[in-house]
Protein chains: 2
Amino acid sequence: MIFLTKDKDSQGKYIYQQIYEEIRESILKGRLKPDEKLPAKRTLADHLNVSTNSVMNAYEQLLAEGYIYTIERKGYFVEKITQFINQGDSNKYSLPNDLKENTFDKEDLLSLSHMTSNISLFPFNEWMKCQQKAIENHKNELSEIIHPQGPYIVRKTISRLISLNRGVICGPEQIVIGAGTMLLVRQLMGMQNKNTIIAMENPGYSRIYSLLKNMEFTVHPVQLDKKGIRIKEIEKVNANFVFVTPSHQFPTGEIMPITRRIELLNWASVDDNRFIVEDDYDSEYKYETDNIPSLQSLDRNHRVIYTGTFSKTMLPGIRISYMVLPPDLLRLYHKHYPHSMQSSNTLNLFTLHYFIENGEYSRHLKRMNNHYETKRKILTNELVTYFGNRIKIEDIPAGLHFLAHFQTDKTYEEIEENAKHEKLEVYSIKRFMLKSQDHPKGWISLVIGFANILEEKIPEAVKRLYSVLIS
Amino acid sequence: MIFLTKDKDSQGKYIYQQIYEEIRESILKGRLKPDEKLPAKRTLADHLNVSTNSVMNAYEQLLAEGYIYTIERKGYFVEKITQFINQGDSNKYSLPNDLKENTFDKEDLLSLSHMTSNISLFPFNEWMKCQQKAIENHKNELSEIIHPQGPYIVRKTISRLISLNRGVICGPEQIVIGAGTMLLVRQLMGMQNKNTIIAMENPGYSRIYSLLKNMEFTVHPVQLDKKGIRIKEIEKVNANFVFVTPSHQFPTGEIMPITRRIELLNWASVDDNRFIVEDDYDSEYKYETDNIPSLQSLDRNHRVIYTGTFSKTMLPGIRISYMVLPPDLLRLYHKHYPHSMQSSNTLNLFTLHYFIENGEYSRHLKRMNNHYETKRKILTNELVTYFGNRIKIEDIPAGLHFLAHFQTDKTYEEIEENAKHEKLEVYSIKRFMLKSQDHPKGWISLVIGFANILEEKIPEAVKRLYSVLIS
């Protein structure tokens, strides 16, 4: 028996949908038996006082989903349908409480996180204009799956940019674009032998460390000295891959001096199996002097894999990073990933191309360098004024964060707890200690980012920090 | 001896840069010895007849890069610099010939690829308006690292959308957004035990197959019968994960009937360790009847992981996909990936949110359904007209491709070669045969996509296909 509401019912269902659902339920519940013949379309239509079309649409849907079958000139019959053996709770499902998300109120939060950017100065209008241009000029590429490494012209633009800004020597062919440095590192290391031994700076970038550990490589955190990662330690652990951040060590902020750079390149140059991964994550920001040339720019033996990103210079969520592969690794890449997909958004890539070509990118970078330099000074001054000799700042004028040491008897756990309470977002060095190290008693170290704190909020942030650390 | 060009030299270098480079080279070449004192700033400035500032800037740069050191009130001294041991070819580097890319001329190419979309009807203006709105309303989120699964409101919008369109039952908490289904499958399977045994449809999606093999899982390609993947085979190989495309089997196009769906869910429901991954890659396109409800919509035991994408409905390079995790796997996800990063572009995600909310997405989908339905009919008619009884089309009115069998004595290799020559992009089923299967002698099968072929070019494409296969 089918009950119909004319036109749409209260749930907005059409007549054919109502017929479809009634018959479907009858079949699933076994009221209609396998191989039972359904009424002819016209018969049912007359019976229900609806159009034959409505019945036909219902039958066609049931047919498409496999509830019924049809024999030419004989009509429609019920399929033999397996019954559910374990129907569980058929009521509307609700998520267990432990999995519900608290949408955390960030209203009064002040952030000294190293992971933010100030986007209030980002030229969104110019970005949109470049996007318009990308849409007009690249219809074909936008309708297809693009080159796994990214469109050639975008790679060409990036190779020119990093040649100019970072001294990187490479062709567009060597550039692999991807949605984040982590993804690229995963690709890079996914091609390596599982016996690869990796040395990393300690303290260092803990996400990469976890990634490499998850990939089941042997990873050795290596202590830094004044000049950076210790070559002797690299040799001692027998590493053949070294991950470094020479332009602005993460998180200490140290710049690797030329002599350590040469030592590192010398170390790599003696064996075709040795590689250095240079993560140049925020080298675009250098205050007081010019930028520090990349390590890759000094490499004449194709030992350095250079990685860079637009997250720090444009938008944290832009998801466009790139790596530069030396010829041997490029060959391996082609062999290893014949069917990989480009992970960055195509439209954004072409937009970026015009953004760089039109000079918007350099203008923005210059503007941000000035902006961040000023803010950095205000923050360090405020900190010194407030903390006096309870603070020592590693004052290297580069990047979007600096390391600062504070005299306090609080533990890292207490500090974390206090920061939450004071609505201050700030990260301690603990997060980046890949292996525990001694540190002076009564002192703790914080990684202080200044990108997204408003100038006028700096005094308040420093005041909160004081509450977190001291009182 | 320093030679200077006033103002900028021919390469556009400032005076301080010229001084910096001269001294740097002298140090690297050993002309200036370790601990040698540099002239006082004013002395050098007078000598060169330049401003003290220029000399100071040069010294500061050398200091920052570690070429020199300074002792307060004593001056600047040359650092002890390690020499390069293996300087290789210091001339400008050029890429080996085998790695150079040929920018392939696509001008006259006609595409019957299943991987394209028609974007000529994409409402770019509306997209841009939504983007403008996203920029205005989400400044805070755009300056930060967002939630690893994607912003909550975007997940909420997607969960509503797939509840409405696909019957998927889930909360926003269960949705994980990412830059492509492959990345999400990698995350999903990265949490699984290495003894996991996977069954996949054969023929099937070869990229996923390669990915799973690369992840070192045991993967069994399972033959299809008329209703889809064979449950008995799944049981025989002892699989606990099954990858299926029930709405539109890739590449055969078959729709899994309700009875096989129930059998599959029954199979999974008897063990908490069994899961079904439903790849709903192009289910939004269904012609002649309504869409086929998702397998997930029938699942009352949290056994189905649903994956979907916006690549097919919007832009192939949009890089926004999502998966819906059942509660147990969501818990595992939180544990496994505490520090993962969202891989889709944040601005695009918020833009998508408004695009769906404003109804632009449904309007676009409706438009595209009509467009593709028409084009599909024209193409299948043209094929039948041209090939007569040398063609059999698996004529299932869904998706953006169909499978067609052609009577020919050509091999797949010959066909590939001919297609290149005829400037026709088309893929054979060979690419998707995860394990070789028997097929009728004298017949070959092609996966024919119709998304990006212009209506008026269809006759020409079919003519070329005839040349490729027959003459």
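Reminder, nothing fancy here: chain letters follow the sequence lines and each chain counts from 1.
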Inset, instruction - Check whether Phe122(A) gets within reach of chain B through its side chain, its backbone, both or neither, counting any heavy atom under 4.5 Å. - result: neither
Inset, instruction - Pick one of side chain, backbone, both or neither for Arg260(A), based on which atoms fall under 4.5 Å of a heavy atom in chain B. - result: neither
Legend entry - Side chain, backbone, both or neither of Ile85(A) within contact of chain B (heavy atoms, under 4.5 Å): both
Legend entry - Largest heavy-atom contact set with chain B, pairs under 4.5 Å, which of Asn214(A), Val270(A), Thr289(A): Thr289(A)
Legend entry - Residue Ile255(B) versus chain A: region with a heavy atom under 4.5 Å: side chain
Inset, instruction - Measure distances from Ser340(B) to the heavy atoms of chain A and classify the residue's part below 4.5 Å as side chain, backbone, both or neither. - result: backbone
Inset, instruction - Identify which part of Leu211(A) has an atom lying under 4.5 Å from any heavy atom of chain B, answering side chain, backbone, both or neither. - result: neither
Legend entry - Residue among Ile146(B), Ile292(B), Leu63(B) with most heavy-atom pairs under 4.5 Å to chain A: Ile292(B)
Legend entry - Separation between CG of Leu95(A) and SG of Cys170(B), rounded to the nearest 0.5 Å: 9.5 Å
Legend entry - Greatest number of heavy atom pairs closer than 4.5 Å to chain A - which of Lys227(B), Gln131(B), Met115(B), His147(B): Gln131(B)
Inset, instruction - Find the one option among Asn125(B), Thr259(B), Leu183(B) whose heavy-atom pairs under 4.5 Å with chain A are most numerous. - result: Thr259(B)
Inset, instruction - Kindly compute the distance separating CG (Asn345(B)) from CG (Asn345(A)), expressed to the nearest 0.5 Å. - result: 6.0 Å
Legend entry - Proximity breakdown for Ile258(B) and chain A, heavy-atom pairs closer than 4.5 Å: both
Inset, instruction - Using a strict cut-off of less than 4.0 Å between a Lys/Arg side-chain nitrogen and an Asp/Glu carboxylate oxygen, indicate whether Glu101(B) and Arg155(A) qualify as a salt bridge. - result: yes
Inset, instruction - Please flag which part of Leu298(A) lies under 4.5 Å from any non-hydrogen atom of chain B: side chain, backbone, both or neither. - result: both
Inset, instruction - Heavy-atom distances under 4.5 Å only: say whether Gln17(A) touches chain B with side chain, backbone, both or neither. - result: side chain
Legend entry - Heavy-atom proximity to chain A below 4.5 Å, by part of Lys80(B): backbone
Legend entry - Between Pro316(B), Ala451(B), Gly66(B), Ser117(B), the one whose heavy-atom pairs under 4.5 Å with chain A are most numerous: Pro316(B)
Legend entry - Toward chain B, the part of Arg431(A) with a non-hydrogen atom under 4.5 Å: side chain
Inset, instruction - Identify which part of Ser344(A) has an atom lying under 4.5 Å from any heavy atom of chain B, answering side chain, backbone, both or neither. - result: backbone
Legend entry - Interface residue of largest heavy-atom contact number with chain B, from Asn291(A), Thr346(A), Leu349(A), Leu315(A), under 4.5 Å: Thr346(A)
Legend entry - Top of Asp299(A), Ile27(A), Leu347(A), Asn348(A) for chain B proximity - count of heavy-atom pairs under 4.5 angstrom: Asn348(A)
Legend entry - Trp267(A), part contacting chain B, at a heavy-atom distance under 4.5 Å: neither
Inset, instruction - Assess whether atom NZ of Lys226(B) is packed by more than 12 heavy atoms of other residues, nucleotides or ligands within 6.0 Å. - result: no
Legend entry - Minimum heavy-atom distance between Gln342(B) and Arg319(A), given as atom pair plus value: O-CD, 3.1 Å
Inset, instruction - Report yes or no: do Thr82(A) and Glu263(B) form a side-chain donor-acceptor pair below 3.5 Å? - result: yes
Legend entry - Largest heavy-atom contact set with chain A, pairs under 4.5 Å, which of Ser143(B), Ser120(B), Pro257(B): Ser143(B)
Inset, instruction - Please indicate whether Glu136(A) has more than 12 foreign heavy atoms, meaning atoms of other residues, nucleotides or ligands, lying under 6.0 Å from its CD. - result: yes
Inset, instruction - Could you tell me the separation between the CD1 atom of Ile262(B) and the CZ atom of Phe84(A), rounded to the nearest 0.5 Å? - result: 4.0 Å
Legend entry - Heavy-atom proximity to chain B below 4.5 Å, by part of Ser111(A): neither
Inset, instruction - Sort out for me which of Met128(A), Lys139(A), Glu60(A) touches chain B most, counting heavy-atom pairs under 4.5 Å. - result: Met128(A)
Legend entry - Contacting region of Asn57(A) [heavy-atom separation from chain B under 4.5 Å]: neither
Inset, instruction - Could you have a look at His336(A), Arg24(A), Glu79(A), Gln132(A) and say which one has the most heavy-atom pairs with chain B under 4.5 angstrom? - result: Gln132(A)
Legend entry - Contact origin within Arg331(A) toward chain B - heavy atom pairs under 4.5 Å: both
Inset, instruction - Side chain from CB out, backbone as N, CA, C, O: work out which of these in Arg261(B) comes under 4.5 Å of a heavy atom of chain A, or both, or neither. - result: neither
Inset, instruction - For the residue pair Asp290(A) and Tyr16(B), confirm or rule out a side-chain donor-acceptor distance under 3.5 Å. - result: yes
Legend entry - Minimum-distance pair of heavy atoms, taken over all atoms of Glu65(A) and Pro293(B): OE2-CD, 3.1 Å
Legend entry - Options Gly180(B), Ala179(B), Ala64(B), ranked by heavy-atom pairs under 4.5 Å with chain A, top entry: Ala64(B)
Inset, instruction - Go through the atoms of Asn266(A) and report whether side chain, backbone, both or neither lie under 4.5 Å from a heavy atom of chain B. - result: both
Inset, instruction - Please determine, among Leu28(A), Leu265(A), Leu142(A), Ile320(A), the option with the most heavy-atom pairs under 4.5 Å with chain B. - result: Leu142(A)
Legend entry - Thr116(B) side chain to Glu144(A) side chain, donor-acceptor N/O pair below 3.5 angstrom: no
Inset, instruction - Check each atom of Glu141(A) against the heavy atoms of chain B and say whether the ones under 4.5 Å are side chain, backbone, both or neither. - result: neither
